[in-house]
Amino acid sequence: MEGSEAIRPDKHEMTTVPENWKDLGPVTGMEKRGDVFICRTERGGAAALFTAPGIFRIKFFIGSEADLAQTIAIDPAYRLKTESGIQAEEKEGFLIFRSSVMEVELEKQTFMITVRDLDGSVVSRQTSISFDPRGGARAVYDMPANSHFYGLGEKSSFLDKRGERYTNWNTDVYAPHMPEIEALYQSVPFLIHRSGEKSCGLFLDNPGLTEVDMRSHGMAYTMGCSTGAYDLYFIAGPSMKDVVMRYTALTGRIQLPPKWALGYHQSRYSYMNQQEVLQLAHTFREKGIPCDVIYLDIHYMDEYRVFTFDPVRFPDPKAMMNELRELGIRIVPIVDPGVKKDPNYRVYREGVQQEHFCTKLEGDIYFGEVWPGISAFPDFTDDRTSNWWGDQHAFYTQYGIEGIWNDMNEPAVFNESKTMDLDVIHRNNGDMKTHEELHNAYGLLMSKATSEGMERHMDNRRPFVLTRAGYAGIQRYAAVWTGDNRSFWEHMALAMPMVLNMGLSGLAFSGPDIGGFAHHTSGELLVRWTQMGVFFPYCRNHSSIDTLRQEPWSFGPATEGILRDYIGLRYRWMPHLYNLFHEAASTGLPVIRPLVLEYPEDPKVTNLCDQFLLGDSVLVAPVYRPDTDHRAVYLPAGEWFDYWTGDKYEGGRHILAECPLEIMPLYIKAGAIVPEGMLMQHAEEDADETVTFQIYGAEAREGFTADYSLYEDDGVTFDYRNQVSSRLHVSLKGGDGMLHLSYEYDDRRYEANRNLLVFKLRYSGFAPQGVEGLHAVTAEQLQGGMEGWMLDEPGGELCIQVHDRPTGASWVIRTGE
Ligand code: MIG
């Protein structure tokens, strides 16, 4: 640690743009080539095009012309559509490019770029761009007083990034979750800039070092890169949701994960041997705590050689896997990129002989030290190498392993720079680049190779990949966990804005180590963290070597009981969760959302990040301080039901929620429907897909409606790609003192394994008198699987149970009005 010398008086402020940097100079000419507009200046220029009506790409160049080839960040499935409506005109010193949703104006003299929406409002302005003689570039953008910033992937600090400065350079910092840490494991140079009610996205597609500074320049912010091209996308809103959907159309969306990956995962650095793993699995089942996955951290390997098992610790992986399969528990082993330098190790030998490792320009393999000792690193920028690496995973799939955990893929190296030398060469399919230029892409490319390789060897089953490092677009290949947090209450609180911003940056499938990785958790912290964590997209308890154990039973029966209930809640909510994942996979909208995404007009939620929404209508308000039995909760506009008590609250205000240890405040919006499944011990248990639609706040008044569209498929194969899926619509409408309940299948090529459908209506303002066409039944009869309806008067709940029919059905609920 530094002493006070760190703040010596002669340190000076950074200027917006250093003096010896040059701008492009005035535009001297423009030409159109296909859909691309080339604007030339004395020193260089820019190539620009609309890749979609709401996405304007502009790539600046000094000297020779920009190359607009597709980059690794962009979804290979993304097709640049030529839009016929694009107009470009030259007018009084301006070049103006217009699509059906946005207008980009370039001032010829200054190269200032102004982006407007169709109402003519300015949503973004780049006032200047300058180039460092050594190859960097930095642009300056207006930052009006009402600007707020979101996105930027995995960053610490609060939700709104105004006033922050960040560097994007994938880094394995130990104990990194501190407000001042600028560079973490992931780099997503994508910013949502919201001014007033309008949002615009800026994506600087550069996998080298980039920086974003919303702190140091008064009413301006800067975005720069230190090498490579300034390849910028302006992404239209007007809403934040529009920006997120467009950004994820461009960089891709998560793949629909196998259902088991949405279960509860248990990890530890490390479960040391086969016996311990089996015992752990049995303990989960004996204790009735649901669990789908156990992780194998680095000790499973033979001296940390990837694609091996330690013959002493794990003498019979096949037997272990068989026993685990019986219990419904899967294994996800860690795979790091470093390959041990050992001439007797097949993977290393092959890698050398077939030239798969990263080298220096002169041809020598680059070696760095990681867990296995001196190691070589595959060059994933070459498809040939990625295919080779991917195929190594047959080693795991032969045991029935379906998930892989990629760690240390920044890549982390035990040296001063913490990573590979910047002058390491990447073959990059013939377009050779230095590591400096591609650093942030390394982790993404590793996970891509892993995901694709696993898929090749899994016979139509969906793989799960978890990664620590990544770059814009990583969501296409892997889920992301936030790395080495610590068992601090502060880190639990920090996980909310972090994961929320990751969700806004395309990384819809992410989460922190529940309970905290390093340092020692406590029973109370583990309870509070798990209560929150079961609502995060990715739900894994993981802890470091030499820390207190933090499996759910580590702190006695009271703690264990609460954890069992909350983990169970996640399993009961699996249909809803899976539906939200399907939505994320098809629209890019995140599974958990900051309130500002759903209530953009509410000034109270601009930076609100100690509570969040699951989907659009479940509000989760975790308790993130010790010894707390009350917390303030902000309920946005609308009416909200307390999930635990059923009490109804008027929104648009704060309430004080009571929260003894077993309660995490949870609210459901009136008019919302949450489908619940059976409580299972793992995602595929019996696969009884009986669903109960919990309908909150049914009203008989005219105009009342509640709807839900439930997506289902087999949860494990790729058959859904051939439309083997189903869509079940539930609808409830009020009017004439009656309620109309109906369900129907839009599509039923996947046939869920269920006999019954259940609807539970929390009603208010009327008393149900009966359901036409159904008999009143008793609780026992319902239990026994009989069709009918039943009233739980004091609870204000009407329960309707019917056989699930492919044709759907509808009923009229009579009320006393
Ligand atoms: O630097 O494999 O973030 O989850 O347990 C330590 C051991 C290497 C870092 C990961 C952590 C994992 C640990 N790894």
Side-chain angles (χ1 to χ4, degrees), residues 14 18 20-21 62-63 67 71-73 131-138 153-154 165-174 176 181-189 204-212 223-231 336-339 341 351 355-370 374-382 385-386 406-447 467-472 474:
M14 191 173 74
N20 60 343
W21 290 36
I62 286 280
D67 140 38
T71 66
I72 186 64
F131 298 83
D132 172 353
R134 294 183 194 285
R138 185 184 294 159
E154 181 190 65
R165 181 193 187 284
Y166 295 106
T167 304
N168 293 309
W169 182 256
N170 291 356
T171 309
D172 171 26
V173 214
Y174 189 63
I181 298 285
E182 294 192 352
L184 282 161
Y185 312 95
Q186 297 268 334
S187 293
V188 186
L204 176 56
D205 185 5
N206 181 315
L209 186 142
T210 55
E211 48 93 30
V212 187
M223 260 176 123
C225 57
S226 67
T227 176
Y230 204 95
D231 189 356
D336 293 349
V339 174
K341 180 177 185 197
E355 300 186 350
H356 290 305
F357 294 126
C358 296
T359 64
K360 290 291 181 94
L361 181 62
E362 296 73 14
D364 305 337
I365 292 177
Y366 168 79
F367 290 105
E369 200 185 333
V370 271
I374 303 297
S375 302
F377 297 83
D379 186 0
F380 300 110
T381 65
D382 229 25
T385 297
S386 283
N406 285 161
D407 186 24
M408 305 288 278
N409 53 345
E410 292 71 27
V413 181
F414 301 155
N415 63 18
E416 193 141 333
S417 78
K418 299 194 175 71
T419 192
M420 259 183 207
D421 294 353
L422 299 185
D423 62 353
V424 163
I425 289 303
H426 291 298
R427 295 180 184 91
N428 200 31
N429 294 324
D431 180 18
M432 194 182 87
K433 294 256 160 71
T434 62
H435 186 67
E436 183 177 13
E437 292 170 283
L438 293 183
H439 173 77
N440 289 337
Y442 193 84
L444 177 148
L445 291 167
M446 179 184 184
S447 290
T467 185
R468 192 169 72 176
Y471 177 63
I474 184 62

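Here the structure is a predicted model, which means the values were calculated and not measured.
Within the 4.5 Å cutoff, the side chain of P133 has heavy atoms near those of the W21 side chain. Between V424 and K360, some side-chain heavy-atom pair lies under the 4.5 Å cut-off. With contacts defined as side-chain heavy-atom distances shorter than 4.5 Å, the pair V212/N168 qualifies. The shortest side-chain heavy-atom distance between L209 and T167 falls under the 4.5 Å cut-off. In this structure, the side chains of K418 and Y174 stay at 4.5 Å or more apart for every pair of heavy atoms. Between H439 and L422, every side-chain heavy-atom pair lies at or beyond the 4.5 Å cut-off.
Checked by atom type, the side-chain pair S447/N406 shows a donor-acceptor distance below 3.5 Å.
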Could you walk me through whether R427 and E355 satisfy the side chain to side chain contact (heavy atoms under 4.5 Å, CB included) test, starting with their C-alpha distance in whole Å, then the side-chain angles of each, then the deciding distance to 0.1 Å, before giving a yes or no?
CA-CA 10 Å; R427 295 180 184 91; E355 300 186 350; 4.0 Å; yes
Check against side chain to side chain contact (heavy atoms under 4.5 Å, CB included), Y442 and M420
CA-CA 11 Å; Y442 193 84; M420 259 183 207; 4.0 Å; yes
Using the rule given for side chain to side chain contact (heavy atoms under 4.5 Å, CB included), can you reason through V413 versus F377, listing the C-alpha separation, both sets of side-chain angles and the distance that settles it, and then say yes or no?
CA-CA 10 Å; V413 181; F377 297 83; 3.9 Å; yes
Mind running side chain to side chain contact (heavy atoms under 4.5 Å, CB included) on E182 and E211 for me, showing each step along the way?
CA-CA 9 Å; E182 294 192 352; E211 48 93 30; over 6 Å; no
Should Y471 and D205 be marked as a side-chain hydrogen bond (donor to acceptor under 3.5 Å, both in side chains) after you check the CA-CA gap, both sets of side-chain angles, and the distance that decides it?
CA-CA 10 Å; Y471 177 63; D205 185 5; 2.7 Å; yes
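The backbone N or O of E154 sits nowhere less than 3.5 Å from a side-chain atom of Q186 that would complete a donor-acceptor pair. Under a 3.5 Å cut-off, the side chain of T385 and the backbone N or O of F380 do not form any donor-acceptor pair. A donor-acceptor pair under 3.5 Å links the side-chain atoms of D132 to the main chain of R134, judged by distance alone. Remark: side-chain polar atoms of N170 are paired, donor with acceptor, to backbone N or O of G470 under 3.5 angstrom.
Going from atom CD1 of I374 over to atom CD1 of I365 covers 12.5 Å, rounded to the nearest 0.5 Å. One finds the CG atom of N415 at 9.5 Å from the CD atom of E369 (value rounded to the nearest 0.5 Å). Interatomic distance, L184 CG to R468 CZ, rounded to the nearest 0.5 Å: 10.5 Å. Separation of atoms OG1 (T210) and CG (N440) is listed at 6.5 Å; rounding is to 0.5 Å. Distance NE2/H426 to CG/D382: 11.0 Å, rounded to 0.5 Å. Atom CG of residue N206 and atom CG of residue D231 lie 8.0 Å apart, to the nearest 0.5 angstrom.
The heavy-atom pair separating I474 from L444 by the smallest distance is N-CD1, 3.4 Å. Across all their heavy atoms, A441 and I72 have their closest contact at CB-CG2, 4.2 Å. Heavy-atom minimum distance, R138 versus P18: NH1-CD, 3.8 Å. For the residue pair M223 and L204, the shortest heavy atom distance occurs at CE-CB, 3.9 Å. Looking at every heavy atom in both residues, A469 comes nearest to N409 through N-OD1, 3.0 Å. Here the shortest heavy-atom pairing between G208 and T227 reads CA-CG2, 4.4 Å.
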